[in-house]
Amino acid sequence: MCALHSRPMNDWSDDPFESYERESLSARAMAARPAPYLDELNPEQRRAAETLDGPVLMLAGAGTGKTKALTTRIAHLLNSGRAQPNEILAVTFTNKAAREMKDRVGRHVGGVIEGMPWLGTFHSLCNKLLRRHAELVDLKSNFTILDTDDQLRLLKQIIVAENIDVKKWTPRWFASIIDGYKNRGWFPDDVPPSEDKIVHCLPHVTTRVSEGGTGATRQVVDIYRDYQKRLITLNAVDFGDLLLHIVSIFKAHPDVLEKYQRWFKYILVDEYQDTNVAQYLWLRLLAQGHKNICCVGDDDQSIYGWRGAEVGNILRFEKDFPGAAVIRLEQNYRSTEHILAAASGVIKGNADRLGKTLWTAAEGGEKVRLIGHWDGDEEARWIGEEIESYQRGTRGLDPIGLNDQAILVRASFQMRAFEDRFLTIGMPYRVVGGPRFYERMEIRDAMAYFRVVVSEDDDLALERIINTPKRGLGDKALQTINAFARENGVSMMDAARTVVADGAIKGKGAKNLAELLRGIDRWNAIMRWSTQPGPDSDAVIDLDEPMVERPEGLEAPLSHVELAQVILDESGYTAHWQNDKTPEAPGRLENLKELVRALEEFENLQGFLEHVALVMSNETEDAAEKVTIMTLHAAKGLEFPVVFLPGWEDGLFPSQRSMDESGLKGLEEERRLAYVGITRAERHCTITFAANRLTYGQWNAAMPSRFIDELPEQHVEVLTPPGLYGGGFGAAASASPREQAIGASDLMDKASKADVYNSPGWARMQRNSARRSVRQPSEARNMVIDAAATPAFDIGERVFHQKFGYGAITAFEGDKLTIAFEKAGEKKVLASYVKSAGSAGDDVPF
DNA sequence: CTTCGGACTGTTTTT
DNA sequence: CAGTCCGAAG
């Protein structure tokens with residue numbers, strides 16, 4: 001057992017669930033309460049909330065009060081005394097949804113629900129389960145959860161070791177195949193040979209076959225097997241493993257499964273259409289006994305097929321659970337009739353739907369607005385202005401605050417144009433799911449330090465920090481350590497210890513490494529000593545666990561927050577950034593402080609690491625008025641009075657890649673995404689597209705999305721931007737000279753071009769030809785902007801140049817600056833090539 | 001061993 | 001246009 005946990009974990013068979021959870025709940029929740037909240041539901045919702053026993057499938061269209069029904073159902077379960085809060089298993093797809101559900105159940109029942117420990121995402125619930133039963137799959141309970149980045153690095157190591165051509169078969173490629181297997185519930189031995197793939201080794205290890213060139217090959221499953229083996233040695237799991245390990249434990253240990261089957265008296269699943277096969281198996285195993293399972297979903301909102309979601313799960317629910325009650329929620333309370341009709345018009349294009357007829361009692365309202373723009377920048381500019389006019393109150397409308405307005409994009413690169421624009425006009429915005437705090441280099445470094453302290457088997461973390469800050473340990477030293485580790489089957493940490501001790505590494509590197517190892521041991525000792533129960537504690541002491549000696553020089557126990565600071569300081573990591581003179585160093589130090597601050601909300605380092613791995617986002621509650629920018633995927637489940645849907649161009653939305661990879665299935669998923677987008681809007685929905693878009697730093701002409709054609713005309717109002725497009729539905733182009741220059745005639749006869757456009761390889765072809773013949777649009781305007789944006793410089797000002805580095809301005813003539821560079825000496829450069837070094841970088845609020 | 005510069009390549013969506 | 005990767009020079 002791990003000494004990290006002050007509460008004993010090993011007596012679960014007597015009392016699987018920690019006793020404090022029980023106590024805090026029973027008295028309060030069990031008092032039978034009247035159920036007035038049921039009266040607030042419509043008949044269908046009410047049926048969904050009251051049909052407590054047996055399988056229930058709730059088909060809930062967008063905006064039909066699904067969460068309301070679900071949370072009322074939970075409240076009803078509690079208040080009717082059928083289950084205690086900790087006997088209900090409630091699974092959501094995102095952390096956000098979990099949080100919301102917790103809050104709303106709390107409101108029904110009265111008071112905070114500390115006692116719903118089993119409400120969470122699949123991943124966090126599995127994490128919790130796996131910590132209890134880790135040893136059944138040869139893990140320790142302090143296992144590390146690898147994020148995508150670690151996963152790829154680990155895969156790369158294996159691929160390289162196998163002499164596979166990494167250029168051709170990238171770690172990413174392997175990762176996606178392996179994830180695919182895991183999504184389907186397959187460990188290596190379960191992968192059917194027909195689903196396996198062959199990869200080739202590099203030529204120099206190829207057993208040469210005269211001309212055919214069929215050299216040595218490997219199977220993906222072999223790599224998968226190696227990968228799993230490595231994960232176990234590293235005491236680590238990836239996202240997919242969390243589920244897969246639990247499923248395999250349930251299968252291999254019926255006694256364990258049975259305990260949970262009995263414990264979870266009621267099971268609820270949100271967003272059922274998004275579950276993959278592994279999740280489906282997991283649920284089915286747990287529900288097998290009593291079959292009190294309620295799944296909620298909407299097949300029209302299934303948008304995660306690319307990561308293994310099987311709409312089939314929802315379609316076959318009634319087969320899996322015969323006699324299931326099927327309840328349809330069809331009354332929409334969110335949107336105006338025009339918005340609803342527009343969404344319905346689009347989704348109608350999909351075959352194979354369970355079919356629902358959404359209706360609303362609301363009448364009138366504004367039609368869905370449609371407008372085309374010259375390019376992405378103009379689109380961003382126009383939307384910015386629209387947001388401002390909603391904010392002021394326009395066209396006789398009441399003002400609508402920024403918090404009530406959102407821009408929903410297909411792909412995150414679209415966000416940039418909006419951020420740029422909003423920064424220049426000073427409009428506050430928040431990006432949801434944008435650049436992530438926990439993915440920043442300094443944060444990942446710091447966490448790697450924490451990881452080696454928490455789990456010394458974590459080679460990936462050690463590898464990350466062993467030479468950060470620089471300790472004089474390069475490739476050669478690392479190879480020595482790794483070779484030793486491999487030969488002797490020990491962890492890198494152990495290998496490093498031995499290698500230092502027997503002098504296989506010499507000089508400065510050896511000295512520094514020895515110091516690092518001493519540090520890690522010390523921090524680990526501090527952690528264990530500080531958390532072990534003191535003599536006065538009434539916690540159960542694990543007699544198998546030796547008492548930890550008080551680390552030298554340590555008077556009093558350190559909290560995990562203090563320890564974190566000690567680790568960062570003593571390791572030299574803080575100093576590393578303090579000594580760094582690059583402009584971003586101060587920001588990084590600030591982020592490190594923020595990290596330490598964030599630690600306060602957790603019980604210990606491990607808890608924090610788990611949270612980061614499973615939640616990833618660092619959502620600071622800020623109430624300030626801001627426009628929201630996010631992807632359509634992130635927007636599912638949310639609603640806004642005002643919604644903008646930019647980038648409705650074929651190839652972008654629907655995404656070319658999606659169609660190339662998954663054909664009609666892909667297109668249908670894109671269409672569902674469009675449906676999700678439109679149905680986020682309560683009162684105002686505006687769809688826009690651009691005739692030209694900058695991708696990869698290249699301008700490409702684009703056509704309006706085919707989904708635009710699917711919008712029912714009578715529910716759409718086409719806006720005419722000044723000068724660019726004639727009226728006309730679907731925005732036919734009036735061929736201005738500029739448009740002709742870039743081939744905007746595409747816009748006019750798109751029907752005849754559609755086939756070409758859909759062909760694979762079109763994108764690349766277009767890109768290549770664009771390079772030669774397509775002139776950058778709005779050239780003139782861009783130049784004006786550039787000139788205007790060129791900051792004014794003063795003599796003596798410190799500036800930064802891409803190539804020459806830092807320097808001070810000694811003279812200027814027009815836009816030609818003479819700069820004395822610190823490294824490169826004196827040069828003459830154009831003002832547009834230098835940045836003021838005073839501006840502290842471009843850290844965007846997250 | 002580190003640092004620098006050039007070539008190359010990739011963008012959907014996320015727990 | 002980035003960010004990453006690789007090879008050459010310090």
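Predicted model, so just to flag it, every value in this text is computed and none were measured. The figures that follow rest on heavy atoms only: side chains count, while hydrogens, waters and symmetry mates do not. Below, read A as the first sequence line, B as the second, and so on, with proteins coming before strands; counting in each chain starts at 1.
Qualifying side chain to side chain contact (heavy atoms under 4.5 Å, CB included) partners for A/Ser176, counting only residues two or more places apart in sequence or in other chains: none. A/Arg671 meets the side-chain hydrogen bond (donor to acceptor under 3.5 Å, both in side chains) test with A/Asn350, A/Glu710; sequence neighbours excluded. For A/Arg153, the salt bridge (charged side-chain N to carboxylate O under 4.0 Å, His left out) partners two or more places apart in sequence, or in a different chain, are A/Asp150. Legend: residues meeting salt bridge (charged side-chain N to carboxylate O under 4.0 Å, His left out) with A/Arg672, ordered by chain and number and at least two apart, are A/Glu669. Scanning for ring pair (Phe, Tyr, Trp, His ring centres under 6.0 Å) contacts around A/Phe143 gives an empty result, with sequence neighbours left out.
For A/Arg307, whose side chain is taken as the heavy atoms from C-beta onward, the closest listed nucleotide among B/dC1, B/dT15, B/dT13 is B/dT15.
A/Ser658 comes within contact range of at least one nucleobase, with a heavy-atom separation under 4.0 Å. Across all strands shown, A/Phe122 has no heavy atoms under 4.0 Å from either base or sugar-phosphate atoms. If you check every strand for non-hydrogen atoms under 4.0 Å, A/Asn467 touches sugar and phosphate atoms only. At a threshold of 4.0 angstrom between heavy atoms, the contacts of A/Leu242 with the nucleic acid are absent.
We find that the ring of A/Trp306 and the base of B/dT13 stack, their centres lying under 5.5 angstrom apart and their planes tilted less than 30°.
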Would you tabulate the pairs of protein nitrogen or oxygen atoms and nucleotide nitrogen or oxygen atoms of nucleotides 1-6 of chain C closer than 3.5 angstrom?
{"unit_1": "C/dA2", "atom_1": "OP2", "unit_2": "A/Arg416", "atom_2": "NH1", "d": "2.9"}
{"unit_1": "C/dA2", "atom_1": "OP2", "unit_2": "A/Arg416", "atom_2": "NH2", "d": "2.6"}

